Amino acid sequence: MFLTVFLSYLPYLLVTTITPGPNNLLAFYSVSRSGWKKGSQTILGMTSGFFCVNLICAFLCYQLEQCLPSITNIMKYLGTAYILYLGFHIMFSKSEEQEGKKTSFFHGFMLQFVNAKVILGGVTRFTCYVLPSTQNPGDLILHAVVFSLIGATCFCIWALFGKMLSGITVKYDKPFRITMGIILWLCGIQIFR
């Protein structure tokens, strides 16, 4: 049963976790600016938060189905505000400031709770793929673990690209920060489409 459900949502999960979004851009940025040691703390925070959000989605999706539109709108606005703030901060803060502030477990963890892509992805995966097949708490937790492992793999892929391109990002610091900030703004704006 697990394998059947897993194979049904795998394409959706891969597309939604590997495409550019706030998590992948933050992983890219953190490792390119601070290296693996500090950047890995951000990735660990993102993975932990991603897992927590998936657990919350798993256990509350069915019960909150009637309230979902209002909760989704609130999270959409909060997520957009945070993503826009993060983009602004990356563009206009000094490089040294970024290395200390944006590469932390806390920022990676908290991003998950305001990231509409993560929340809506979790809601979609559980309501469309998992809950129709099983409502066993053990199965829900197992699916949340699988979602998180695939998400963490995608964060690491983006971080690897960040590390490989770190020489370029240091040399062209300001244009790089402006570009990354603009991409985050575009991610925030896309939430409203």
Side-chain angles (χ1 to χ4, degrees), residues 13 16-57 74-122 144-191:
L13 181 62
T16 58
T17 53
I18 197 66
T19 54
N23 283 333
N24 293 332
L25 293 174
L26 186 59
F28 178 96
Y29 183 81
S30 296
V31 172
S32 74
R33 305 307 294 154
S34 302
W36 277 106
K37 187 174 181 178
K38 286 185 179 179
S40 66
Q41 293 301 309
T42 302
I43 294 168
L44 183 60
M46 291 185 326
T47 302
S48 300
F50 193 79
F51 177 67
C52 289
V53 168
N54 276 294
L55 280 180
I56 291 167
C57 287
I74 291 167
M75 294 310 295
K76 177 170 67 172
Y77 295 128
L78 290 173
T80 300
Y82 183 75
I83 291 166
L84 294 175
Y85 158 77
L86 192 58
F88 179 83
H89 191 76
I90 286 172
M91 283 196 298
F92 296 108
S93 64
K94 295 181 181 171
S95 183
E96 311 80 51
E97 209 177 303
Q98 286 299 325
E99 290 178 18
K101 286 188 177 179
K102 288 300 162 205
T103 54
S104 72
F105 180 92
F106 178 77
H107 280 95
F109 185 84
M110 292 309 295
L111 175 62
Q112 306 318 299
F113 292 91
V114 295
N115 186 341
K117 183 177 176 183
V118 170
I119 295 165
L120 293 175
V145 168
V146 169
F147 297 161
S148 300
L149 290 174
I150 291 174
T153 301
C154 293
F155 305 155
C156 289
I157 290 169
W158 276 80
L160 178 62
F161 285 123
K163 183 64 178 168
M164 290 172 25
L165 299 174
S166 65
I168 294 170
T169 63
V170 169
K171 184 176 179 180
Y172 300 102
D173 180 62
K174 188 152 181 100
F176 173 74
R177 285 188 290 113
I178 290 171
T179 301
M180 294 302 284
I182 289 170
I183 291 171
L184 279 175
W185 281 359
L186 292 173
C187 287
I189 291 167
Q190 281 185 329
I191 292 171

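Predicted model, so just to flag it, every value in this text is computed and none were measured.
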Heavy atoms only: give me the nearest [X]-[Y] pair and the separation to one decimal.
X: Gly39; Y: Ser30; answer: CA-CB, 4.1 Å
X: Ser32; Y: Gly162; answer: CB-O, 3.0 Å
X: Ala27; Y: Ile43; answer: CB-CG1, 4.1 Å

*Residues in side-chain contact (heavy atoms from CB on, under 4.5 Å) with Ser48, at least two apart?*
Leu44, Phe105, Phe109
_Set of side-chain contact (heavy atoms from CB on, under 4.5 Å) partners for Ser148, sequence neighbours left out_ = Phe50, Phe51, Asn54
*Taking only residues two or more places apart in sequence or in another chain, which ones pass side chain to side chain donor-acceptor pair (under 3.5 Å) with Asn23?*
Gln112
*Just by distance, do the side chain of Ser34 and the backbone of Val31 share a donor-acceptor pair under 3.5 Å?*
no
Reported [atom1]-to-[atom2] distance for the pair [X] and [Y], which is rounded to 0.5 angstrom:
X: Phe28; Y: Ile183; atom1: CZ; atom2: CD1; value: 8.5 Å
X: Leu26; Y: Met46; atom1: CG; atom2: CE; value: 5.5 Å
X: Leu13; Y: Ile150; atom1: CG; atom2: CD1; value: 4.5 Å

Side-chain donor-acceptor pairs under 3.5 Å in residues 152-160, sequence neighbours left out?
| unit_1 | atom_1 | unit_2 | atom_2 | d |
| --- | --- | --- | --- | --- |
| Thr153 | OG1 | Leu149 | O | 2.8 |
| Trp158 | NE1 | Ile18 | O | 2.9 |

*Could you tell me whether the side chain of Met91 reaches within less than 4.5 Å of the side chain of Ile182, counting heavy atoms only?*
yes
